[in-house]
Structures are given as C-alpha cells and as structure tokens.
Number of protein chains: 2
Amino acid sequence: MASPTEENYLKALFNLKDEEGKVSISELSSTLEVSMPTANSMVKNLLKKGLIIYEKYKPIELTEEGKKMAALVIRKHRLTEMYLAEKMGFGWEEVHDIAEQIEHINSPIFFERMDKLLNHPKIDPHGSPIPNAQGIIADLKHKPLNEHKPGDAVKLAALAHSSTEFLDFLNSRNLKLGTEINVISVEPFDGSMVVSYNDRKSEGLSAKVCERLLVEFL
Amino acid sequence: MASPTEENYLKALFNLKDEEGKVSISELSSTLEVSMPTANSMVKNLLKKGLIIYEKYKPIELTEEGKKMAALVIRKHRLTEMYLAEKMGFGWEEVHDIAEQIEHINSPIFFERMDKLLNHPKIDPHGSPIPNAQGIIADLKHKPLNEHKPGDAVKLAALAHSSTEFLDFLNSRNLKLGTEINVISVEPFDGSMVVSYNDRKSEGLSAKVCERLLVEFL
DNA sequence: GTATTTAGTTAGATTGATATAACAAATGTT
DNA sequence: AACATTTGTTATATCAATCTAACTAAATAC
C-alpha cells in the first residue's frame, strides 16, 4: 500500500507528464510544494518500490505499475468529486478540496459503492475522465475553444485546469458542462472570442479562458 | 488543529473514561494498540496543548477543551456512520471501519452537509448519541436488557460496544434497533434470557449478549 | 567555449509517531 | 513489612517526511 504522501507523488507524476511522459524533480517539488531535496528523496523511495524509472539528473517516468496505482488514486479522487456534486449537492468549485482528502481513504467497498450509486460515471464534475477499476483511463480528445473559428457550434465538455477561481468565473457567466456555445468572432490581436450561449447573445471571453474550455462539436 | 493521531487519543480518552472521568496510560496504550512509552509521550504532548490534566503516575483526565474536541471527533465519526448506513446502504456492521478513516477529514462543510442531508440525526446506526456541533452529547439513559425481568416489554434502542462479531450475531438473529422484545424468563444460574420478538416465539440470549443490548420501555 | 544560471544532489538536522530495554514507582499478596 | 507484580517512566533508536546549507552537474547565454 502507498502512503497518502506517496499517492500524492504518483498523482502529480501522472498529471504532470508531458508528451513523452517525463517529469522533472523541480516540477514535482513545485506542484507538491515541497523542497527539491524532499522530492528527490521521495523519488528514490518510489524508485526502490518499482513505481518509477529514474536515473540521476534524468527525468522521471512512471512504470506500468506506477501508472496503474496513480490512475487508481485519480479514480478515487474523481469518483469522490462526482459523488459530492451529484449526491451531496456541492458545487463544482467546492469538490476538489474535499476529494483531495477522501482520495486517501483505504476502503475498496466505499469507492465501489460510490461508483454503483452514481451508475458508473465516465467523467467527474469538471468533465475529466474517471479511470476504470483496472486503472484504464479514456482519452476524451476534446479540443480547446480557442482552436475553433467563427460559425462553429460546440458544446462545453470539460475544463483544462479547474482552479477554484476559474470555476467561480464560469459560475458568474453561467457556463456549465453541456452548454451549447456558438463562436461569433475571434479577435486576432489577443485571441479573445465573442460567443453566444443560452440567452447571452454576445459574451466576450479572453484567450486564457478559451484555452481552458474544452469543447466538442454538437 | 489536532493530527489524526491526536484525534484518536482524544476519542479513546473520551470513550474510556470511567465514573470519575479518569483513564490510565495502560488502558490508552492497549485500546490504541501502541506501546506504553508511545502513549506516555503523546500524553505529555496533549498536556502541553492543554487538552488533558495529568501528573506523573496519576490517571489522565480531559480538560473542558479536550472534551469538546473529543466530542467533535466522535460527532464526525457518528455522523459518517449514519450517512454510510442511511444514504449509501451500508450495513451497521460495515460502517465503523470506514468512519474510522473519514472522521479525520478536515472539512466543516462536508460534515455539516451530511448532518443536513440526514436531517440532524440524534443517533448513529448503533443507537449511540451524536454530539451536537457545540460538542454537547445527550445522555440517553438506556438500561441493558439483563436488568429487566420476565414480563417486561421493551424496545432495542442501542448497543453497548458494537464489534463486527456482535453485529454479525445480531444480524443472524434478525435483531435491529427498534425491535420490540418481550422478556419471557431469566436463568438465575448464568443470567441468560429467553425472549420473544417479531415472529420468534422463544429465542435464547446469553448474559453477554443481554448486557450489550440497551433497551427502553415501550 | 568559458561563464553564469538553473536544476539536481548530498549531508545533516528536525519533527511526529513509533519501538525496545532498563529502571522506578505504585499496587497487591501473604 | 517484604516481596512480587503491574504500571509508568526515561533513555535511546528508528522511520517517514520534511527542511536548510553547501556543493555539483547540466543547460543557457553571451
């Protein structure tokens, strides 16, 4: 069994991995808010446990076993988020901090029950895919809104990086998963967009927002 | 804030306290399954934090602040047990182990929400009172079944010490909270009783079982 | 292609929770 | 009262997770 700390490192490694699946010590140390020596010594520990591939001064990579364990922690996190939102009435901006703690509960029956009560959900309240019980995670290949052009009609499917501030912003604009969005225009200078959705005929969205809105065609 | 370990010590002190509210180091060390030196050093730590009254070689007593903190941990535990049973369909024999972990979650809104969704329950699935948000715990003065005499008609209201084995036993006999029990006879030799309830006309219960069944008059 | 900057490592210390071994105080027994 | 037993304490060590300080390797910049 992995300790809560180890689970957090695995999760960070899984979430941070770039195209080749490699992560640096400094990325780890900053996302987990620990010093580099701390991250360095945990990396040695995970190496000893066979959960990562690592050589001095080289980037870190999860082994198959490490990937599976990480996916299962992410599964616990996302199932919990969905449960909190669907069954307990929490807003999508509230669920992360609670799930961050509950994900370390060691009780297979508890998470299985959540999964069953939720009817085996495929995504969490932010649209991120929930890995299955075997640690397999679907690749929902959504595109960010900013890659679309005027005239495109799309549906908000998920969020890239869902901080509380971003979620509060979306709440204030009444943007939810499933909202149908029509691209009206794109400003070439700064990448901002004007869109319409629901009864909002002309809503301006900054490029930063558009990059984080993951959409799919209707 | 108290660490999970500290919360466990407070809970143990609260649950173990005898008539005068005093607990020994050895009781603490055996209930928490740690060595005596470990319990001893944690006692010093709780003393430093003002949560207990303690002098070398004397029994341990909770301060008012310590009692309140302990009651609030017990509140989190029992609310969780009730939530697991009522909202997630777990049996009363399954809830303890999960609640033992969830009780350490630090999220007032999470437990408040449970409380609200459950309509401010007064007892947990084993009939134990749930302390209120101020740490005040009701004294439900139930009497154990073995203090009753033939002819008494009572209702199962709570359990004293609810181990999984005991709960499995009660399940096997179809005994639930609220079950109306009629005392038919008491065996003077060993304190066992013959009772009737539901469609069971003559069920024998050992003294050990009767001591743990807390009942109230109809 | 040296020099500077950034990233990573090693050494050593700290803190909380735990243990064993050895000893001391309190309690119980005749 | 003397002895034995139980209970509690001290000293010391370990382990996981953390840190700072000092150093080294790699990357970047002129």
Side-chain angles (χ1 to χ4, degrees), chain A residues 1-13 16-62 66 69-70 73 100-101 103-106, chain B residues 1-13 16-62 66 69-70 73 100-101 103-106:
Chain A
M1 248 304 78
S3 69
T5 309
E6 290 167 335
E7 289 192 333
N8 285 337
Y9 278 83
L10 290 172
K11 200 162 47 111
L13 286 166
L16 287 173
K17 64 169 189 274
D18 65 19
E19 311 78 48
E20 289 118 50
K22 308 283 182 67
V23 183
S24 69
I25 296 270
S26 65
E27 281 176 287
L28 251 192
S29 98
S30 60
T31 33
L32 294 169
E33 296 183 278
V34 296
S35 67
M36 296 224 318
T38 299
N40 187 273
S41 75
M42 181 52 89
V43 158
K44 285 178 182 167
N45 169 51
L46 295 174
L47 177 64
K48 203 178 58 201
K49 294 196 172 184
L51 300 171
I52 57 173
I53 296 163
Y54 184 63
E55 283 174 279
K56 265 191 196 180
Y57 301 106
K58 295 270 157 56
I60 309 150
E61 203 176 346
L62 286 163
M69 283 189 54
V73 176
E100 204 65 16
Q101 298 184 62
E103 70 188 7
H104 302 299
I105 299 290
N106 178 1
Chain B
M1 248 306 76
S3 68
T5 308
E6 289 167 337
E7 288 192 335
N8 285 336
Y9 278 82
L10 290 171
K11 200 161 46 109
L13 286 166
L16 286 173
K17 63 168 189 275
D18 66 17
E19 311 77 48
E20 288 117 52
K22 309 283 182 66
V23 183
S24 69
I25 297 268
S26 66
E27 281 176 285
L28 253 194
S29 97
S30 59
T31 33
L32 293 171
E33 297 182 277
V34 295
S35 68
M36 296 224 316
T38 298
N40 187 274
S41 76
M42 182 52 89
V43 159
K44 286 178 181 169
N45 169 50
L46 295 174
L47 177 65
K48 204 178 57 201
K49 295 197 170 183
L51 299 172
I52 58 173
I53 297 163
Y54 184 63
E55 283 174 279
K56 265 192 197 181
Y57 301 105
K58 294 271 158 54
I60 309 151
E61 202 176 345
L62 285 164
M69 283 188 53
V73 178
E100 203 64 17
Q101 298 183 63
E103 70 188 5
H104 303 300
I105 299 289
N106 178 1

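As the structure is a prediction and not an experimental result, all values here were calculated from the model. Per chain, numbering begins at 1; letters A, B, ... match sequence-line order.
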| message | I'd like to know if A:Lys11 pairs up with A:Glu103 as an ion pair, taking the criterion as any Lys NZ or Arg NE/NH1/NH2 lying under 4.0 Å from an Asp or Glu carboxylate oxygen. | response | yes
| Heavy-atom side-chain contact between A:Glu27 and A:Ile60 under 4.5 Å | no
| message | On a heavy-atom basis, which atom in A:Ala39 and which in A:Val34 lie closest, and how many Å separate them? | response | N-CG2, 4.1 Å
| What do the steps show when you test B:Leu28 against B:Met42 for side chain to side chain contact (heavy atoms under 4.5 Å, CB included), and what is the final call? | CA-CA 10 Å; B:Leu28 253 194; B:Met42 182 52 89; over 6 Å; no
Show the distances under 3.5 angstrom between N or O atoms of the protein and N or O atoms of nucleotides 12-19 of chain D.
residue, atom, partner, partner atom, Å
D:dA17, OP1, A:Ser3, OG, 2.7
D:dC19, OP2, A:Ser35, N, 2.9
D:dC19, OP2, A:Ser35, OG, 2.9
D:dC19, OP2, A:Thr38, OG1, 2.5

| note | B:Lys44 atom NZ is separated from D:dT9 atom P, nearest whole Å, by 7 Å
Show me, pair by pair, the donor-acceptor contacts under 3.5 angstrom made by side chains of residues 43-52 of chain B, not counting sequence neighbours?
residue, atom, partner, partner atom, Å
B:Asn45, ND2, B:Glu6, OE2, 3.0
B:Lys49, NZ, B:Glu6, OE1, 3.2
B:Lys49, NZ, B:Glu6, OE2, 2.7

| remark: Nearest heavy-atom approach of B:Ala70 to B:Leu62 is CB-CD1, 4.4 Å
| Reckon B:Lys58 touches a base, only the sugar-phosphate, or nothing at all at heavy-atom distances under 4.0 Å? | nothing
| task | Compare all side-chain heavy atoms of B:Val73 with those of B:Tyr9 and state whether any distance is below 4.5 angstrom. | result | no
| request: Give the first and the last nucleotide of DNA chain C, reading 5' to 3', that has any atom under 4.0 Å from a heavy atom of chain B. | output: C:dA17 to C:dA26
| field | d(CG, A:Asn40; C1', D:dT24) in whole Å | value | 13 Å
| task | Write down the distance between NZ (A:Lys22) and P (D:dA26), rounded to a whole number of angstrom. | result | 16 Å
| request: Tell me yes or no: between the side chains of B:Ser35 and B:Thr38, is some donor less than 3.5 Å from an acceptor? | output: yes
| request: Measure from CD1 on B:Ile25 to C1' on D:dG8 and round the result to the nearest Å. | output: 7 Å
